[in-house]
Amino acid sequence: MPATEITQQQELHTLYSSHFGWLQGWLRHKLGNAFEASDLAQDTFISILTASTAPQIREARPFLATIARRLVAHRYRRQVLEEAYLAALACLPPEVAPAPEERLLALEALQEIDAALDGLPPPVRQAFLLAQLDGLSYAEIAARLGVSSSSVKQYLTRANRHVFFALPA
């Protein structure tokens, strides 16, 4: 094992042992749930491990809090998305409701699209959703967003390209 890899593992171990308890407590205070806090604290360190960013950390606690906040936001968005999907399914008559396997696949696809859209600026994301979900025209989207139709065209081109390359083949 190369010396740099050993050093990175030692730095991550030191980071984990020095700050895991603090991060877990911080998350517990924010979320009000010890189990979720523990999961998200672990996920924070897994994120650092997979990104190999431990050696570049200067201020550990603000860095960890930033990653944890992002993970909390992602978890919350996934939860809202799942609840909205299940609420929409509950409105369907039982004979047309999808099977549990199809529900799971659709939910996973929605989460992938949500993750792909996450990297877009809010007006671009909103234009994409208005076009795809509400079927609005460029002019209608432009009126809603308070921008020109040519801006909407640019937004949708950017969003479509971004989603196309972000989703797995």
Worked verdict on Leu120 versus Tyr155 for side-chain contact (heavy atoms from CB on, under 4.5 Å): CA-CA 10 Å; Leu120 292 172; Tyr155 290 169; over 6 Å; no
State, with a plain yes or no, whether a side-chain heavy atom of [X] is found less than 4.5 Å away from one of [Y].
X      : Y      : result
Arg75  : Asp43  : yes
Arg77  : His74  : yes
Lys30  : Val72  : no
Leu156 : Tyr138 : yes
Arg70  : Thr44  : no
Phe63  : Ile67  : yes
His162 : Val124 : no
Gln132 : Val163 : no

[X] versus [Y], closest heavy-atom pair with distance:
X      : Y      : result
Ala142 : Ser149 : CB-N, 3.8 Å
Ala60  : Leu15  : CB-CD1, 3.6 Å
Tyr85  : Glu102 : OH-O, 4.3 Å
Arg61  : Ser18  : NH2-O, 4.2 Å
Leu136 : Glu140 : CA-OE1, 3.3 Å
Ala127 : Leu145 : CB-CD1, 3.8 Å

Candidate pair Leu129 and Leu117, rule side-chain contact (heavy atoms from CB on, under 4.5 Å), full reasoning: CA-CA 9 Å; Leu129 293 172; Leu117 293 174; 3.8 Å; yes
Ring geometry between His19 and Trp22 (parallel below 30°, tilted from 30 to 60°, perpendicular above 60°): perpendicular
Aromatic ring pairing Phe20/Phe45, orientation class (parallel under 30°, perpendicular over 60°, tilted between):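 Plane angle between 30° and 60°, so tilted.
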Derivation of the side-chain contact (heavy atoms from CB on, under 4.5 Å) call for Gln154 and Val147: CA-CA 11 Å; Gln154 290 173 358; Val147 298; over 6 Å; no
Residues Leu107, Glu82; criterion side-chain contact (heavy atoms from CB on, under 4.5 Å); working and verdict: CA-CA 7 Å; Leu107 192 56; Glu82 184 174 347; 3.5 Å; yes
Sidechain-backbone polar pair: Ser38 side chain, Ala34 backbone, donor-acceptor under 3.5 Å: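 No; zero donor-acceptor contacts below 3.5 Å.
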Within one Ile-Leu-Val-Met-Phe-Trp-Tyr cluster: [X] and [Y], side-chain cutoff 4.5 Å:
X     : Y      : value
Leu89 : Val96  : yes
Leu81 : Ile113 : no
Phe35 : Leu27  : no

Quick one: [atom1] on [X] to [atom2] on [Y], what's the gap to the nearest 0.5 Å?
X      : Y      : atom1 : atom2 : value
Arg103 : Leu105 : CZ    : CG    : 12.5 Å
Leu71  : Gln42  : CG    : CD    : 12.0 Å
Tyr16  : Leu64  : OH    : CG    : 11.5 Å

Any residue meeting side chain to side chain contact (heavy atoms under 4.5 Å, CB included) with Gln79, in chain and number order, not counting sequence neighbours: Glu83
